[in-house]
Number of protein chains: 2
Amino acid sequence: MNDSGGNNGKKQARRPSTERTAQRDPERTRAAILEAATREFAENGMGGARVDAIAERAGTNKRMLYHYFGDKEQLYLKVLEEAYVGIRTAERALHIGDRSPEEGISELALFTWRYFLQHPEFLSLLGTENLHRARWLRQSVRLKELHSHLIGELSEVLEQGKKQGVFVETADPLHVYLTIASLGYFYLSNQYTLSTIFGRDLIEPANLNAWESHIVHVTLASIKR
Amino acid sequence: MNDSGGNNGKKQARRPSTERTAQRDPERTRAAILEAATREFAENGMGGARVDAIAERAGTNKRMLYHYFGDKEQLYLKVLEEAYVGIRTAERALHIGDRSPEEGISELALFTWRYFLQHPEFLSLLGTENLHRARWLRQSVRLKELHSHLIGELSEVLEQGKKQGVFVETADPLHVYLTIASLGYFYLSNQYTLSTIFGRDLIEPANLNAWESHIVHVTLASIKR
DNA sequence: CAAGCCGGTAACTAAACAGTTACTTGATGA
DNA sequence: TCATCAAGTAACTGTTTAGTTACCGGCTTG
């Protein structure tokens, strides 16, 4: 009775691993798990993502995942935080106040659109997090201060434009940002249902370029005097 | 040894049900399942929705769900189709060509915004379906013709506006619709993360009203000559 | 130079899950 | 008045899943 099965309630010794151990590299393993998790959560949502799939994608196993990140929920929050840090960091490098107000707004709109286009996983993660009513994001302490900078800088550009008489007095920084983000987010995140129901391939380069111009046009038209 | 458990591999007779059977009503049961499924899928996505939870919410059991709808995927597609039929049916009742072109566009924008506001489950279902790249919607035969009417009617309104000289010649019906839908969809579907990161409660009535006006303003500003 | 810690593996477990089966009940029409 | 079929119940099953445990081995340090 040395074989597997048949001994109730008692653990039995496992066969020792005979495979050669891969080179150790904690940082690499951690980063691989985070990247694999980003893809898995983006493709399948929080509910559909599989811990086994993440471990396999990362070329490691579940034990390491739990070792570095605690559990599935904490790993998910880490992924979400990193995604936000990514876009806000790139945004800061823009310095939209350096040129004319109109160019500043146009630059922000173009940046946002292109960032969304190049980071579909960011859009997916936002979608998943909102499905769950920001349940995990709300727990994050890191992220609240990350966003005041954006609104502050945008506010300055708008003020300058108002002073120069090119923007209307009612232009509001949050509204302007939400307008830019709305137009980019919806077009890209909903491209699959939209392409299906309207029978037009929205991701085709000609259509993408047209929408890019449209975003800049709409944003400026809504605030120009 | 007549008790439960202990006889391997062989089925045993089940105790007959002693509970009183509820009144039979196939239509009611079917409708209850569909409504419960709509809520469950909207709240948890396709991956997170539980068949047991749907049955319980509908006040019935899994057997009936499989009896009426085949399986989880077919039920989900039915829910999605009904959601689209719902908005497109309400939209048709608008007759946006009956007044001036400007009023027509404004009416469509207001209708879309208010419909989104009153049907959060529709937005959630779109989000889930797009996460899966319209995997199920693509299989639907019913829905493709449902949308040509919308674009057709919108196109007529725009043409009339161009003829009257109030709209620019470049105004495109799909772009106009996508603009309206973008501004409504993003604000509402992403309200939870947005409220969290910007520290402002977007669902507060004052903010909702401001955004409603904003949508109409932006849409018209983008096409007015 | 050995002891123990840290990075790593793979098998294991309890619970949850989609889907099925065995059976009951009520209505209808021949 | 009974055969038949549709509506309904609840227990069951095979599989998947998040999370755990037992064990391994190289590197660092006392």
Looking at A:R133, I want to see if its CZ is surrounded by more than 12 non-hydrogen atoms of other residues, nucleotides or ligands under 6.0 Å. no
Intra- and interstrand pairs of DNA chain C - dot-bracket, Watson-Crick/G-U under 3.5 Å, | marks other strand: ||||||||||||||||||||||||||||||
If the condition is ring-ring contact (aromatic ring centres under 6.0 Å, His included), which residues does [X] pass it with, not counting sequence neighbours?
X      : value
B:H214 : A:H175, B:W211
A:Y84  : A:F122, A:H147
B:Y66  : none
B:H67  : none

What verdict does the side chain to side chain donor-acceptor pair (under 3.5 Å) test give for B:T38 and B:E121, after you've listed the backbone C-alpha separation in whole Å, the side-chain angles of each residue and the deciding distance to 0.1 Å? CA-CA 7 Å; B:T38 302; B:E121 79 287 351; over 6 Å; no
Once you round to the nearest 0.5 Å, how far does CG of B:N207 lie from CD1 of B:I203? 9.5 Å
Give the residues of residues 32-56 of chain A touching DNA chain C, defined as any heavy atom closer than 4.0 Å, sorted by residue number. none
Near DNA chain C, counting only heavy atoms under 4.0 Å, which residues of residues 64-72 of chain A show up? A:M64, A:H67, A:Y68
Return no unless some side-chain N or O of [X] is found under 4.0 Å from OP1 or OP2 of [N].
X     : N      : answer
B:T29 : D:dG8  : yes
A:T60 : C:dT9  : yes
A:N61 : C:dA10 : no

Rounded to whole Å, how long is the line connecting atom CZ of B:R63 with atom C1' of D:dA7? 9 Å
Rounded to the Å, how far apart are B:R28 CZ and D:dG8 C1'? 14 Å
Listed partners of [X] passing side chain to side chain contact (heavy atoms under 4.5 Å, CB included), at least two apart:
X      : answer
A:R39  : A:E35, A:E43, A:R57
B:I151 : A:F198, B:P173, B:L174
A:E107 : A:L94

Basic-acidic side-chain contact under 4.0 Å: A:R135, A:E73: yes
Assess whether one donor atom and one acceptor atom, taken from the side chain of B:K62 and the base of C:dA18, lie less than 3.5 Å apart. yes
Where does the angle between the aromatic ring planes of A:Y115 and A:H119 fall among parallel (under 30°), tilted (30 to 60°) and perpendicular (over 60°)? parallel
Side chain to side chain donor-acceptor pair (under 3.5 Å) pairs, two or more places apart, involving residues 180-198 of chain A: A:T193-B:N130
For DNA chain D, find the residues of residues 127-135 of chain A with a heavy-atom distance under 4.0 Å and give them by number; none if there aren't any. none
